[in-house]
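Here is the structure we will look at.
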Amino acid sequence: MEHQKMIKKCPCCFREISNEEADILVRDHEIRFHSPILNDLISPREDEKYAQFWGNMGDSQNVNETNRIIITNEMIEEANEELLELGMQPVEKTYDEDSLSYTLTIREDSVIVVSNTMVCPHCHNVLPQNFFKYEMISIGLAGSVATGKTVYMASLMMNGFRILNKENITVRNAHGNPLDPEKMKMEKISQKLFTDRICPDPTKKAFHQPVYLEVSLKLERDVKNFLVTFYDVAGETIRKEAGSGKTMFARHVDGIIFFVDPSQMYLKQPISLKTTVNEEKILSSMKLLSPKEQAAIQRENKMKGSQPIVLDFGTSFQEEDENLVYERNPETILSSLRMGIGDSQLKNKYIALTIAKCDQLSELAEFREIPASSLLFEREDIKKGWLNTDHQVIRQKLLEKIFEEKVYHLQRNVGEYKEGGLFCISALGCETRQEEYQQALITRAVSPVKPIRVEEPFMWLLMKAVQERGWI
């Protein structure tokens, strides 16, 4: 069988890799052979590449998680030399023509270990299923803390992608192994949201594992399969000292869904932001300056004649003793994205400016007074040609006016990108409340979760990328 060499970029470290050089992860730590050669081959050891990657990303992984069984081509060659000298069956690495990937098989009598979980040889992160077979579209989720990026992903995945699996599109998880920790984590979050109405906690990492999806798009005469990768590109921190590290993934995405919380809008009746945890605690865990530390720097800068620093996080408030204004501004996130992507690359990206939690706006008088504003809050399933519906056109006109008057004029930034779209969604479609649950404080939806057009920005970006690639 002829082996087809495929070269792709790792979705985590973005270095080029081929299917031939990818390493293989063995998950079963319990199997033991008689041969010490084979036992040594499948013994867990500290995965320095994996630990270093996550350490550099601001998340030091648990020691148990970095003790892994990674088997390289060199390890297979060394083991096979010894095994053949002893007249034993060699370790096999066989090519799968269908997936363009490799499967590792280790046999000794009736004991067998099989794995087709491929990892990047540079950072040792697990590659998605069919990584070398299908093309990939990458989407970034951006927005300041508490805008609902994690809830959005949970809502999309809720009930097995029920919202997305309509007519000409099918979406499924692409993490491959059913026991993949990140896959199980996201599925558990989505299930808790669907069955118990429990919202996920805010994320605090500089970067966390991408979510991989496999999409089948039914065309007129064919079915196009491809992978979709979701990144939390902006993280939760906007300190100037952080540089572009927090937004490095934005350089590699096809498009960005940029979330704006109603609490960030100019409203006659401002919506108070309900946080699920203490703001000081979040600041500490994310290694951001506390308000007092911030005030000290403000005073020092003032004495030196420098411009005051504004840290963007949480709801606006003022400390009387320090006279410190502490606010959240979505324009700062866009500036951070611009720095991470680079001005020359902005023209290659699509951006979906998206008002999140729009159900909070539906009862405000200033929105009820706008003609046809009810269309902003209607729930609508995906239908063939949904982007061309009359309602969608009307919503775009309404959103142009709303973004201009109430959302910090963000749509002016759209001109820097290849193309921009305006959307108004709600991942929950209902209010939330805080309550005690299993000796912890959680946020729970007050009624069954019923999203408001949560798929629209995702589908818009997806179709833009599909059209750009000439698939339709």
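Along the sequence shown, the residues carry numbers beginning at 1. Model, not experiment: these values are computed from the prediction.
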Which residues pass the salt bridge (charged side-chain N to carboxylate O under 4.0 Å, His left out) test with [X], not counting sequence neighbours?
{"X": "Arg469", "answer": "Asp254"}
{"X": "Lys418", "answer": "Glu468"}
{"X": "Lys192", "answer": "none"}
{"X": "Asp222", "answer": "none"}

Could you list the residues that satisfy ring pair (Phe, Tyr, Trp, His ring centres under 6.0 Å) with [X], not counting sequence neighbours?
{"X": "Phe458", "value": "Phe230"}
{"X": "Phe258", "value": "none"}
{"X": "Tyr102", "value": "His3, Tyr95"}

Discussion item. Can you give me the closest heavy-atom contact between Leu193 and Val449, atom names plus distance?
Written reply: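 So the two residues come closest at O-CG2, 3.6 Å.
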
>> Using every non-hydrogen atom in the two residues, find where Met136 and Thr229 come nearest and quote the distance to one decimal.
In response: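 What the structure gives for the nearest pair is SD-OG1, 3.0 Å.
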
Just jot down the side-chain contact (heavy atoms from CB on, under 4.5 Å) partners of [X], sequence neighbours excluded, or say none.
{"X": "Lys464", "result": "Tyr350, Glu419, Trp460, Gln467"}
{"X": "Arg368", "result": "Glu363, Ala365"}
{"X": "Ser115", "result": "Ile24, Val26, Thr117"}
{"X": "Thr195", "result": "Gln191"}

Across all chains, not counting sequence neighbours, the side chain to side chain donor-acceptor pair (under 3.5 Å) partners of Gln396 are none

If you apply the rule side chain to side chain donor-acceptor pair (under 3.5 Å), what do you find for Asn130 with Glu214, and how did you get there? CA-CA 9 Å; Asn130 290 317; Glu214 187 174 312; 3.2 Å; yes

